[in-house]
Asker: 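What follows is a single structure, and I will ask about it in a moment.
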Amino acid sequence: CSSKLALSQVHPMWQEPLAIPGGDRQSPVDIVVRKSIFDPQLRPLKVQYDPRTCQQIWNNGYSFLVEYDDTTDKSTLKGGPLEDQFRLCQFHFHWGENNAWGSEHSIDRRLYPAELHLVHWNSDKYSLFEEAVMEENGLAVIGVFLKIGKRHEGLQKLVDALPAVRHKDSVVEFTKFNPACLLPENIDDYWTYAGSLTTPPLTEAVTWVVMKQHIEVSHDQLAVFRSLLFTSAEEQEQRSMVNNFRVQQALKGRTVRSSFS
Ligand SMILES: NS(=O)(=O)c1ccco1
Ligand SMILES: [Zn+2]
């Protein structure tokens, strides 16, 4: 997909813009479980991904994006809190320099070593990701926490491809990967709230769906994420791609709903 959002070129923990115009639904946030509201009208998520739409992996200098062909409705997300159909555009991760932190969202302040984001845009209302990214009902992002444990067999194909995109701006062909293998067994239990992108342009266009159940990956698999670089091959100083998460933002009165009681 063409999620070639121009990330600010400053240091990877890019300078937080002083104020987002009218920033009252920014992400990520801490999810306070006992303050979340069970909504029985929330339906199960309907995920339909076609591995044939998987195209490439791109190191954009902030994370690595696994990009999908989003020119047709082949890989879609609907249901849950969503009224429309959304197309998968890309997925990526955020992680720390160690296993103590790395996720963007937290649950009762608990951070995880990493967090997966599956990024979708509203193809019922818009015709391009770039359009949808500016609209309040434009995007839907599924967040899945990663915990250190047993090796994730499905992730290994992606891990094996990462050395080819070690440097910023590198791309490698990557096909026939179904990201549904990265979802937890139970996708019916989630929290949802109205938020934003967590990297520039930080637009308040995202319906967030944060999975209650985490997935497990091995220490060695996450170590390969940390072997990536923020810097391009030409740059003198090589900087490890770690801690590529945004600081948590104020809830500002928003309600976080849960699909489970
Ligand atoms: N991290 S995230 O999923 O909110 C995102 C996608 C594109 C830009 O930022
Ligand atoms: Zn993200």
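In listed order, ligands and their atoms are each counted from 1. This one's a predicted model, so the numbers in the text were calculated from it and none came from an experiment.
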Asker: Is Tyr62 near ligand 1, meaning one of its heavy atoms is under 4.0 Å from it?
Answerer: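 Under 4.0 Å: no for Tyr62.
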Asker: Any idea which part of Phe129 is under 4.0 Å from ligand 1, heavy-atom wise: side chain, backbone, both or neither?
Answerer: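 Answer for Phe129: neither.
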Asker: Using a cut-off of 6.0 Å, state whether more than 12 heavy atoms not belonging to Gln48 lie near its atom CD.
Answerer: no
Asker: Which one of Glu115, His92, Gln90 has a non-hydrogen atom at the shortest distance from atom 3 (O) of ligand 1?
Answerer: His92
Asker: Could you grab the angle centred on the Zn ion (ligand 2), going from NE2 in His94 to NE2 in His92, to 10°?
Answerer: 100°
Asker: Before signing off on this row, confirm whether His94 and ligand 1 have an N or O atom pair separated by under 3.5 Å.
Answerer: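 In this structure, His94 places an N or O atom under 3.5 Å from an N or O of ligand 1.
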Asker: Counting only heavy atoms, tell me which of Val119, Leu116, Thr199, Thr198 gets closest to atom 4 (O) of ligand 1.
Answerer: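 Of the listed residues, Thr198 has the closest heavy atom.
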Asker: How is the N/O/S atom of His117 that comes nearest to the Zn ion (ligand 2) named?
Answerer: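 Going through the N, O and S atoms of His117 one by one, ND1 ends up nearest to the Zn ion (ligand 2).
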Asker: Kindly confirm or rule out a cation-pi arrangement of Lys125 over Phe86, judged by NZ or CZ under 6.0 Å from the six-membered ring centre and within 45° of its axis?
Answerer: no
Asker: When the aromatic ring centroids of Tyr190 and Phe260 are compared, is their separation below 6.0 Å?
Answerer: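 Not under 6.0 Å, so no.
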Asker: So which of Arg246, Gln248, His94, Gln249 actually passes side chain to side chain donor-acceptor pair (under 3.5 Å) with Glu104?
Answerer: His94
Asker: Nearest 0.5 Å, please: how far is NZ in Lys78 from CG in Asp84?
Answerer: 11.5 Å
Asker: So, do Phe64 and Phe93 have ring centers that fall under 6.0 Å from each other?
Answerer: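 Yes, the ring of Phe64 comes within the 6.0 Å limit of the ring of Phe93, centre to centre.
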